[in-house]
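First comes the structure, then the notes that go with it.
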Amino acid sequence: MKTESGEHLKPRSQYVEEAVQLAVAGRWEEAVEVNRLLLEHFGPDQEAHNRLGKSLTEMGRLAEAKAAYEATLALNPLNSIAIKNSAKLTQLLAGSEGLAVAGTKLDVNLFVEEMGKTISTTLDDVTEADICNKVAPGDQAELRLNGDTVVVETTRGVRLGLLEPKLARRLIKFIQGGNRYQAAVTTCDGSTIKLMIRETYQDVKFAGKPSFPIRRKREVDFRPYSKESWIERDLDGFTDDERDEPDIDEGMSEVDADGLQVEDDAETLDLGEEEDVDLDEDQ
């Protein structure tokens, strides 16, 4: 059997795997084509319709995406993925009020943490209870200065919330000084929205100054280990046994290899507590 392009059809499982990998890579246009090919040549399939709906949603083609999820529901009215996403798309389409859905894709490097250049933060003052019906992880966000606060909105104009005050005060100084930043939603769960912010341009006046606090490992204070037998000595420096046959080498050979103080059960050695290194406020 051949496709319209004259190519021989591969086994269905290979197309399914290809569709999944394209979605993982964010290659949504190609994912749409593969899922439609699956439906055309192998018949209706709940998973293929759901994958098609996801791909079309990512491309901003909401009406087509909703139709794909409705096709799933026609096959199985209890499909939870289709029920959830169809409801979200219904609200988006009904409440868009003429706002275009952004199809802009962010550089995946935005989500890679880089010391001093990126920060992950949870927004304050998220007022809309159903905000997660309007935004999703990966949506681009904009930082808008408003007095001594920073308002976060999507590129479609949906208000997400405020940066927490300390971070807002810090960023206002940098933004007013010429730095530029890019932000995106990483998590939306109920009324909790997490945002990743990345510095994309640093003004020369801020050279060497990190946009965000740098976290470093606190150095560990090592304490020497002393054997109990070395401490319980008479004033002349030897125990009763050692007076008869002093053997310093034998005692030294029993020192722990790592040279660390043995801790009581109630005390734990701090091997990695982190601390913030922040800029001075006047910077």
Side-chain angles (χ1 to χ4, degrees), residues 3-5 12 15-108 110-111 126-142 152-161 182-191 193-195:
T3 64
E4 292 180 358
S5 61
R12 180 182 178 280
Y15 286 109
V16 171
E17 177 65 20
E18 185 179 347
V20 171
Q21 293 304 317
L22 288 170
V24 170
R27 295 161 61 181
W28 303 114
E29 290 187 12
E30 296 171 72
V32 166
E33 293 178 3
V34 173
N35 283 301
R36 281 183 168 161
L37 184 148
L38 268 167
L39 292 168
E40 179 181 352
H41 293 285
F42 296 95
D45 176 79
Q46 296 179 52
E47 294 182 356
H49 281 301
N50 282 346
R51 288 193 301 268
L52 179 59
K54 169 65 175 176
S55 300
L56 290 167
T57 300
E58 292 293 335
M59 296 172 64
R61 294 157 62 177
L62 301 191
E64 294 176 72
K66 187 173 184 299
Y69 287 121
E70 288 176 347
T72 295
L73 295 175
L75 297 172
N76 178 11
L78 300 180
N79 188 290
S80 59
I81 293 175
I83 292 172
K84 177 181 176 181
N85 287 291
S86 180
K88 284 185 177 181
L89 289 168
T90 298
Q91 289 189 340
L92 281 173
L93 289 167
S96 61
E97 297 179 355
L99 294 174
V101 175
T104 304
K105 300 304 173 190
L106 296 176
D107 184 346
V108 293
L110 176 66
F111 298 95
V126 179
T127 56
E128 294 191 48
D130 61 345
I131 189 65
C132 292
N133 289 329
K134 300 180 180 180
V135 297
D139 281 0
Q140 188 169 354
E142 296 179 346
V152 182
E153 298 178 345
T154 69
T155 54
R156 294 179 279 119
V158 177
R159 182 188 184 280
L160 301 179
Q182 188 177 36
V185 176
T186 57
T187 302
C188 189
D189 183 11
S191 60
I193 298 178
K194 291 186 178 181
L195 200 73

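Any value given below was found using the heavy atoms of this structure, including those in side chains, with hydrogens, waters and symmetry copies removed. Sequence positions, counted from 1, serve as the residue numbers for this chain.
Legend: residues meeting salt bridge (charged side-chain N to carboxylate O under 4.0 Å, His left out) with Glu33, ordered by chain and number and at least two apart, are absent. Taking the side chain to side chain contact (heavy atoms under 4.5 Å, CB included) definition, one finds that Ala48 meets it with Asn35, Leu39, Asp45, Arg51, sequence neighbours left out. Taking the side chain to side chain contact (heavy atoms under 4.5 Å, CB included) definition, one finds that Lys66 meets it with Glu70, Ser86, Leu89, Thr90, Leu93, sequence neighbours left out. Partners of Glu47 according to the side-chain hydrogen bond (donor to acceptor under 3.5 Å, both in side chains) rule, which considers only residues two or more places apart in sequence or in another chain, do not exist here. Every residue two or more places apart in sequence or in another chain that forms a salt bridge (charged side-chain N to carboxylate O under 4.0 Å, His left out) with Glu30 is listed here: Arg27. Annotation: salt bridge (charged side-chain N to carboxylate O under 4.0 Å, His left out) contacts of Glu153 (sequence neighbours excluded): Arg144. For Lys84, the side chain to side chain contact (heavy atoms under 4.5 Å, CB included) criterion is met by Lys88, not counting sequence neighbours. Every residue two or more places apart in sequence or in another chain that forms a side-chain hydrogen bond (donor to acceptor under 3.5 Å, both in side chains) with Glu64 is listed here: Arg36, Arg61. Not a single side-chain hydrogen bond (donor to acceptor under 3.5 Å, both in side chains) links Glu142 to another residue, sequence neighbours left out. Under the rule for a side-chain hydrogen bond (donor to acceptor under 3.5 Å, both in side chains), Ser55 has no partner lying at least two apart in sequence or in another chain. Residues satisfying the side chain to side chain contact (heavy atoms under 4.5 Å, CB included) criterion with Leu75, sequence neighbours excluded, are Pro44, Gln46, His49.
Residue Tyr15 comes nearest to Val34 through the heavy atom pair O-CG1, 3.5 Å, listed as atom of the first residue, atom of the second, then distance. Residues Leu160 and Ala141 come closest through the heavy atom pair CD1-CB, 4.3 Å. Residues Ala82 and Thr72 share a closest heavy-atom pair of CB-CG2, 3.6 Å. Across all their heavy atoms, Asn79 and Leu73 have their closest contact at O-CD2, 3.9 Å. A pairwise comparison of heavy atoms in Ala65 and Gly53 identifies CB-O, 3.4 Å as the closest pair. When all heavy atoms of Lys134 and Asp139 are compared, the pair lying nearest together is O-OD2, 4.2 Å.
Between Val185 and Leu195 the shortest side-chain heavy-atom distance falls below 4.5 Å. Side-chain contact check for Ile131 versus Val158: some heavy-atom pair is nearer than 4.5 Å. Contact check for Lys54 versus Ile81: no side-chain heavy atoms found under the 4.5 Å cut-off.
The OG1 atom of Thr57 lies 6.0 Å from the CG atom of Leu62; values are rounded to the nearest 0.5 Å.
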Please walk me through it: do Val32 and Leu52 pass side chain to side chain contact (heavy atoms under 4.5 Å, CB included)? CA-CA 6 Å; Val32 166; Leu52 179 59; 3.8 Å; yes

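Residue-environment remark: CD (Glu128) exceeds the threshold of 12 foreign heavy atoms within 6.0 Å.
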